[in-house]
Amino acid sequence: MEQNQILSISQLKKHYLMGEVTVEALRGVSFDVNAGEFVVILGPSGSGKTTMLNILGGMDQATSGTVNYRGEILSDFSEKALTEYRRNVVGFVFQFYNLLGNLTARENVELATEIISDHLSVDEVMEDVGLTDRADHFPAQMSGGEQQRVAIARAVCKNPDLLLCDEPTGALDFETGIQILKLLKKINVKYKKTVIIITHNASIAIIADRVLKMRSGEIVENIINEMPMDPERVTW
Amino acid sequence: MGVLNRRLIRMIMSSKGQNLAIAMVVALGLMLYVAMSSAITNLDDAVQKYFTITNAADIYVEIPAISGSEVNSLLSVSGVEAAQGRVVWDVNFLSDQKADENQKITLRVISIPEDAEDSKDGMIHSLYFQTKAQTLASDDEVFLIESFARARSIEVGDEIKIQYAGEDHALKVKGIVSSSEYIYLMQSEQSLLPDFSNFGILYVRESFAMRSIASNGQYNQVLLTVRDSFDGNHESVRKAVEKKLEHLGAQRVYLREDQVSSRMVQEEIRGNKQTMSIVPVIFLGIAAAIMFVMIGRFVRNDKVTIGVLKAMGYNNRKIMTHYSLYAVSIGITGAVLGVILGSLMSVYVTTLYATESFNVPILVFKFHAWMLFAALGLALVFSVTAGYMGARGVIQIDPAAAMRPEAPQSGKHIGLEHTRFWNFWVSFTEKMVIRNLMRHKLRILVLSIGIALTFMMIMIPIYLLSAFLDMFEFQYSVMQRMDYSVSLNGFMADRDLVRSLRDYDEIDYAEGRLEYPFEVENGYRKKATTVIGLSPDTKIIHFYELNTMVPMVFRPNSVFMTRGLADNLGLRVGDPFVMKPYLPDREDQVYKLTGIIRQDLGSNVYMPLGTLQRDFFGEDAVNGAYIQGGSDVKDVLTDARSVSSFMSNEDLQNAYLDFMQLTYISIGMIVVIGMFLGVAIVYNTVVLMINERTVEIASMRILGMRIGEVFSVISREIAVISGVGIVLGIPLASWALAGIGAYFTTDLYSFATKPQFIDYVYAGIITLVSIIISLALSYRKIIRANFVDALKNQVS
């Protein structure tokens, strides 16, 4: 594993049962991610993007193959070690935000920092995502974009190495989607976080340092983008 | 406060009604526990202390006559610390009140040693004075027991009149006292209930008793105390005393635990202690079961949240603690409520014991801190267990799988769907109801068991009420058909007695009776009981077979026994047993048991008069009679010199009905508690069902179904489940009632009453009412639920 690499994925396979059907979600995926990279994984529905993100995030176990995080193999981790990995290394952003409905925006963020000693300042992150004024509102009182900002703040505040985003703009309108992408880019730059976004929206690829195209559980293209663009230039 | 704890509080507050209902189940159980246990502990402590400070007897001896020197000779028996002879005799109290004209009022005269003032002088069963201890300066001064004095408004300094052997004696009340021997003031085991205004205790100087009452200046009772340092048990001393007095013939030597008052108190304490070890477990068990199901459902419904928490790095323990704390919070809230209500109620129950049931002057309310900790500890154990067990599902949740959309539940056609009936006669909503029921068998089972438990809880008090009424109805209308039961001063010839009684116009019918205490033995098992001799063609006592209620013929060779006694002695029909008389110079006799009869109150042996006369009492001897006649018979009996005492069936029934007033209140309370449990169980389950099915219910609403139509689907499901629950509840209740019957059957009471069909109907109706109340309460949940949000499913 090269010194700058944060993740090295090799021959990753995943099968699981969905009701009465066996799904072959990943069929031998291999790629590397460098620290501080902004990666976009592109693919249609059912291509295995979310499954891969879950495995990278230590939420799911691969059927075979390895995920190497800074020299450590995730599949060798015990349940306890995986929990520690999720706690200290990874920040998740979900498509449907998955905020806790009976906690305020600020409390949703604090929920993440409560179990971390080396976290970022909640106030600072709330200001970064532009929600200082809405901190005491409950999710039901916020728009989709605001909820996604809270979700990002919740993930960032943990001060993770990896920010894993599952269709972060999937449930949002165009304008709000751009705002969220700008925010993610800002976090990538300001906090030097490795950001991996999975999406089916090909337009987003132009802002990435690296683009991985997936189809039917396989990586079909691994593109290094020498000139990533500003999110303002994204259109769909 | 941590963020998860804040979430917990909001979760609890968002389902206030549901949580309060569970907390109240916990509170009710602990309220009863704290109230009753506290009152019983107060009573137990006070009784033990009362026995100590009044130097209560350990052993009692009843004997026709014993001299002072014979009494002193008992001190040589190993273990005996003190012996005290006394004269005890029942006399008539003469009342000048009009209301007492036809009343036989009995006072038990008990002699006290001349030199005894208080326990310092070593008097056994020393008297307890509310104020300063006093002495009887002359023979016409007496002490009167407090309950009788209070019931008749007799005060210190008043003059009372008694009649003995045809002579009237005027006596001055020197003091009002209490005695640890008469904590529960009953004339005999046959009296069943205390009757403070018609039976009391009078303490007189020994010189007066010896002169006026005792035969040949001898005692007829001995009280003994056993040394604290004695190594052996009291029973061995009792046996030694019995042996020592063998040469004096008739005697009855028994321990304090067999003395009527002491036994009644101990029965109350024992019964309540055992009940209180079960009651909180039932209530907390039900609350824990509801919490277990509720937390389990929460965890299932909160799958995505749990996935998110796990994705953030929360471990299983932390998440499980979060959900378990939900149950613990409810449990602790209920416990605190229960402890507060129970403490308040225990003041009332202790006061009730002190004023209405038992005469223990030193009985006061005491606060028992350990009980509060025990109650809190119990609640904690149950709620932690329920919470932990319910939250175990957290471990199974895989964070990645939790985020994935759930696969549709596997479904299949039910057999009924291929029938013509299904297609043509079952409406769309009915099909929904049937399919839902068939697809959620576990849910149906859980709710049905809850309803079955409710039915059982409601059935128990209904049965007890009908059993108490039936018990009395059977005893005094079906089995015994006399209007008066008369005891004579001594033995008389049956023919003479019956002839003299039938001479009175007021008496319609009379028959002689023999009634005498015996010791009945079967091997090592023995029991003191009253044997009753009856004419084989008795028109008064009617015997019925225990289980079938088939009338049993009382033949000249019949020997019948009540169930409790036969069980105690381990006897079956056909078994021989020994009868040992408390009579001098009479041989023990062996008889064969020919029948076990139903008798709900008291325990006896019934034999033909001829057999008892032949073997023990001599030809034609009787010492009592049964009489049928109107209320004017009382005049005849009050005036009759040969009559020592009599009991009127009507008076007994009135006393019993008075006693039942209190029972009605207690039973009503238990029914309400049972209903509350039912409402808590059904309401919580219905709310859980609604919460689980918000998407399904929202879909129905969006399809255009009205709230009422949606509600009718749920109501019909509950109706079917209620039917199943009630049907399950019938055998469950029958099983519980059989247990209660066996548990409460003692020498004094026997629960032979079978639950009646109408009892089940009442229990079913009350159960349905509690289900309807729960449905009405949950209706608000459907109206208030935001189904659009449920369908959006954007926040977990």
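Here is the naming used below: chain letters follow the sequence lines, and residue numbers restart at 1 for every chain.
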Trainee: How about A:H200: does its NE2 atom have over 12 heavy atoms from other parts shown lying under 6.0 Å from it?
Mentor: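 For A:H200, atom NE2 is not crowded (no more than 12 foreign heavy atoms under 6.0 Å).
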Trainee: Quick one: what part of A:Y85 sits under 4.5 Å from any heavy atom of chain B, side chain, backbone, both or neither?
Mentor: neither
Trainee: Roughly how far, to the nearest 0.5 Å, is the CD1 atom of A:I115 from the CG atom of B:L309?
Mentor: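 Rounded to the nearest 0.5 Å, the CG-CD1 separation comes out at 8.0 Å.
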Trainee: As an exercise: rank A:L103, A:L111, A:T83 by heavy-atom pairs under 4.5 Å with chain B and give me the winner.
Mentor: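 With the most close heavy-atom pairs to chain B, the winner is A:L111.
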Trainee: Has A:E114 got a side-chain atom pairing as donor or acceptor with B:V3's backbone, closer than 3.5 angstrom?
Mentor: yes
Trainee: Can you measure from CG (B:D302) to CG (A:L100) and round to the nearest 0.5 angstrom?
Mentor: 7.5 Å
Trainee: Is it the case that over 12 heavy atoms from other parts of the model lie below 6.0 angstrom from the NZ atom of A:K190?
Mentor: yes
Trainee: Can you check whether anything in residues 311-320 of chain B gets within less than 4.5 Å of chain A, heavy-atom wise, and list it by number?
Mentor: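 The list, in residue order, reads B:A311, B:M312, B:G313, B:Y314, B:N315, B:K318.
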Trainee: Quick one: salt bridge (Lys or Arg N to Asp or Glu O under 4.0 Å) pairs with a partner in residues 139-154 of chain A, sequence neighbours left out?
Mentor: A:R134-A:E146
Trainee: Show the nearest heavy-atom pair for residues B:D398 and A:M59, with the distance to one decimal.
Mentor: OD1-O, 3.3 Å
Trainee: If you count heavy atoms of other groups shown closer than 6.0 angstrom to CD of A:Q141, is the number above 12?
Mentor: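 Yes, enclosed.
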Trainee: How close do B:R7 and A:N102 get, counting heavy atoms only, and between which atoms?
Mentor: NE-OD1, 3.2 Å
Trainee: Heavy-atom count check: over 12 atoms from other residues, nucleotides or ligands less than 6.0 Å from A:Y191 OH?
Mentor: yes
